[in-house]
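What follows is a single structure, written as structure tokens, with notes after it.
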Amino acid sequence: MHEQEQREITAVQNRSFWETQKAAQELLSARGIDDAAVDAWYLIEYVTGMDRTKFLLERQRPMELSAQEAYLALVRRRAAHVPLQRLTGEQEFMGFKFRVREDVLIPRQDTEILVEEAVRYLREQPSGNRKEPRKVLDLCTGSGCIAICLKKMCPDIEAAASDLSKAALTAAEENGERLGADITWIESDIFENIDGIYDLIVSNPPYIRTDVIRELSDEVRLFEPRMALDGHADGLYFYRRIIGEAKNFLKAGGKLMFEIGYDQGEDVARLLAQ
């Protein structure tokens, strides 16, 4: 670390909140963090609990040294490309705050599209005179964000979610309990330990080609669990497995919904057609 950078991220007596945030933003920008200003703000909010209004009113007030030290310690880690969510331990998804641990993929806004489509489908399919609730299964659940949001937004469903990772299931179950979503959590390698027939099966499986993982950003390549990324040689391994077995677990007329990579549409459509 250059001497100048060291000075910029060291706690200083009587430095104001504004000066501290500005120094942090400059360091993050110099280290190639795209949203340096946003991340510098989120970390100061996380450490101090200040909202923007209070910050603007008190930004010229000296920031306590202990708070500076805690804040700048996090800034140094963010400058090393540790994801913001790994530092704060949470990520907002579909309006809910999910706790994220190193064992699970950080929920991303792209995945909200899958949840929105699933919710639309469920809401367009009235329960009618059904004696039993509609059943939904989320495969490769990770943090549990998909299953939990579906249950919160469509509370009349019966939801189950599975993952091969025990650590991921622990994290998902904690999120479910904290957000008040009643989900059946199942340790399973895809359908291995799954019973029953479902109206809807959703999945955001690992779909990155193995040889592409080394090209991903440091935030993803170094700090996301590889198990949640690696879709094997062509990125289609889990789609093949799920599609091949799903017919044994879907009701007639049921739906199978995936998140897919930006360039995988034709390949996954072909697998489904076959």
Side-chain angles (χ1 to χ4, degrees), residues 1-12 15-52 55-56 59 63 65-94 97-113 142-143 145 168 171 204 206-231 235 259-264:
M1 180 180 300
H2 299 299
E3 183 180 352
Q4 177 63 24
E5 289 180 350
Q6 181 64 53
R7 286 200 299 269
E8 288 174 349
I9 59 171
T10 299
V12 176
R15 177 188 277 164
S16 69
F17 283 91
W18 175 251
E19 291 169 331
T20 304
Q21 185 193 18
K22 184 179 179 182
Q25 179 180 332
E26 289 174 353
L27 174 66
L28 294 177
S29 181
R31 294 295 182 83
I33 303 301
D34 292 335
D35 297 318
V38 173
D39 288 3
W41 159 250
Y42 275 134
L43 288 175
I44 211 165
E45 180 185 44
Y46 173 71
V47 169
T48 66
M50 301 173 78
D51 60 23
R52 284 194 177 275
F55 176 78
L56 291 172
R59 62 182 178 173
M63 188 175 183
L65 277 175
S66 60
Q68 275 194 63
E69 289 168 353
Y71 173 62
L72 295 176
L74 292 174
V75 169
R76 293 185 197 102
R77 295 183 64 197
R78 183 68 189 103
H81 291 263
V82 177
L84 178 71
Q85 298 88 341
R86 299 290 181 216
L87 301 176
T88 64
E90 64 181 28
Q91 169 68 19
E92 186 170 307
F93 182 85
M94 296 295 295
K97 285 190 175 180
F98 285 83
R99 290 181 181 163
V100 292
R101 309 186 330 182
E102 62 183 12
D103 310 298
V104 299
L105 192 72
I106 296 168
R108 285 167 167 76
Q109 190 173 8
D110 289 349
T111 307
E112 293 186 353
I113 298 170
S143 66
C145 62
N204 176 20
Y207 57 73
I208 307 297
R209 297 196 308 274
T210 302
D211 63 356
V212 171
I213 291 176
R214 63 176 179 268
E215 302 172 9
L216 301 176
S217 68
D218 288 350
E219 282 86 346
V220 177
R221 179 174 55 85
L222 300 178
F223 299 103
E224 293 283 33
R226 183 164 181 132
M227 181 180 181
L229 301 172
D230 194 343
E259 174 173 326
I260 61 174
Y262 75 96
D263 58 351
Q264 293 176 318

Start with the C-alpha distance between Ile106 and Glu219, add both sets of side-chain angles, then the distance that settles side-chain contact (heavy atoms from CB on, under 4.5 Å), and finish with yes or no.
-> CA-CA 10 Å; Ile106 296 168; Glu219 282 86 346; over 6 Å; no
Exercise: identify the closest heavy-atom pair between Val104 and Ala171 | CG1-CB, 3.9 Å
Spatial distance of atom CG (Leu65) from atom CG (Leu72) [nearest 0.5 Å] = 10.0 Å
For Trp18, look at atom CH2 and say whether over 12 heavy atoms of other residues, nucleotides or ligands are found less than 6.0 Å away.
-> no
Which heavy-atom pair separates Val47 from Ala67 by the least distance, and what is that distance?
-> CG1-O, 3.9 Å
Checking side-chain contact (heavy atoms from CB on, under 4.5 Å) for the pair Met63/Ile44: CA distance, chi angles, key distance, verdict?
-> CA-CA 11 Å; Met63 188 175 183; Ile44 211 165; 4.1 Å; yes
Which value, rounded to the nearest 0.5 Å, describes the distance between Arg76 atom CZ and Leu87 atom CG?
-> 12.5 Å
If only atom types and distance count, is the side chain of Tyr71 paired as donor or acceptor with the main-chain N or O of Ala40 below 3.5 Å?
-> yes
Can you measure from CG (Asp39) to CZ (Arg78) and round to the nearest 0.5 angstrom?
-> 4.5 Å
Working to the nearest 0.5 Å, report the span between CD of Gln25 and CG of Leu43.
-> 12.0 Å
Could you check whether the rings of Phe98 and Phe93 sit parallel, tilted or perpendicular, using 30° and 60° as the cut-offs?
-> perpendicular
Please walk me through it: do Thr48 and Phe17 pass side-chain contact (heavy atoms from CB on, under 4.5 Å)?
-> CA-CA 10 Å; Thr48 66; Phe17 283 91; 4.0 Å; yes
How close do Val100 and Gln91 get, heavy atom to heavy atom, and via which atoms?
-> CG1-CB, 4.4 Å
Could you give me the CA-CA distance, side-chain angles and deciding distance for Ile208 and Arg226, then say whether side-chain contact (heavy atoms from CB on, under 4.5 Å) is met?
-> CA-CA 10 Å; Ile208 307 297; Arg226 183 164 181 132; over 6 Å; no
Can any side-chain N or O of Gln264 pair as donor or acceptor with the backbone N or O of Tyr207 at less than 3.5 Å?
-> yes
What is the distance from atom CG of Leu84 to atom OH of Tyr42, rounded to the nearest 0.5 Å?
-> 8.0 Å
Mark yes or no for whether Glu90, through its side chain, and Lys97, through its backbone, hold a donor-acceptor pair below 3.5 Å.
-> no
Minimal non-hydrogen separation, Ser29 against Ala36, with atom names | N-CB, 3.6 Å
Asp211: what forms a side-chain contact (heavy atoms from CB on, under 4.5 Å) with it, not counting sequence neighbours?
-> Arg209, Arg214
Just wondering, more than 12 heavy atoms not from Gln109 lying within 6.0 Å of its CD?
-> no
Does any N or O in the side chain of Arg15 come within less than 3.5 Å of the main-chain N or O of Thr10, such that one atom is a donor and the other an acceptor?
-> yes
Between CZ of Arg108 and CD of Glu224, what distance do you get to the nearest 0.5 Å?
-> 4.5 Å
Verify the neighbour count for atom CZ of Arg99: are there more than 12 heavy atoms of other residues, nucleotides or ligands below 6.0 Å?
-> no
Using atom types as modelled and distance alone, determine if a side-chain donor or acceptor of Glu45 lies under 3.5 Å from a backbone N or O of Arg52.
-> no
Which heavy-atom pair separates His81 from Phe223 by the least distance, and what is that distance?
-> O-CE1, 3.2 Å
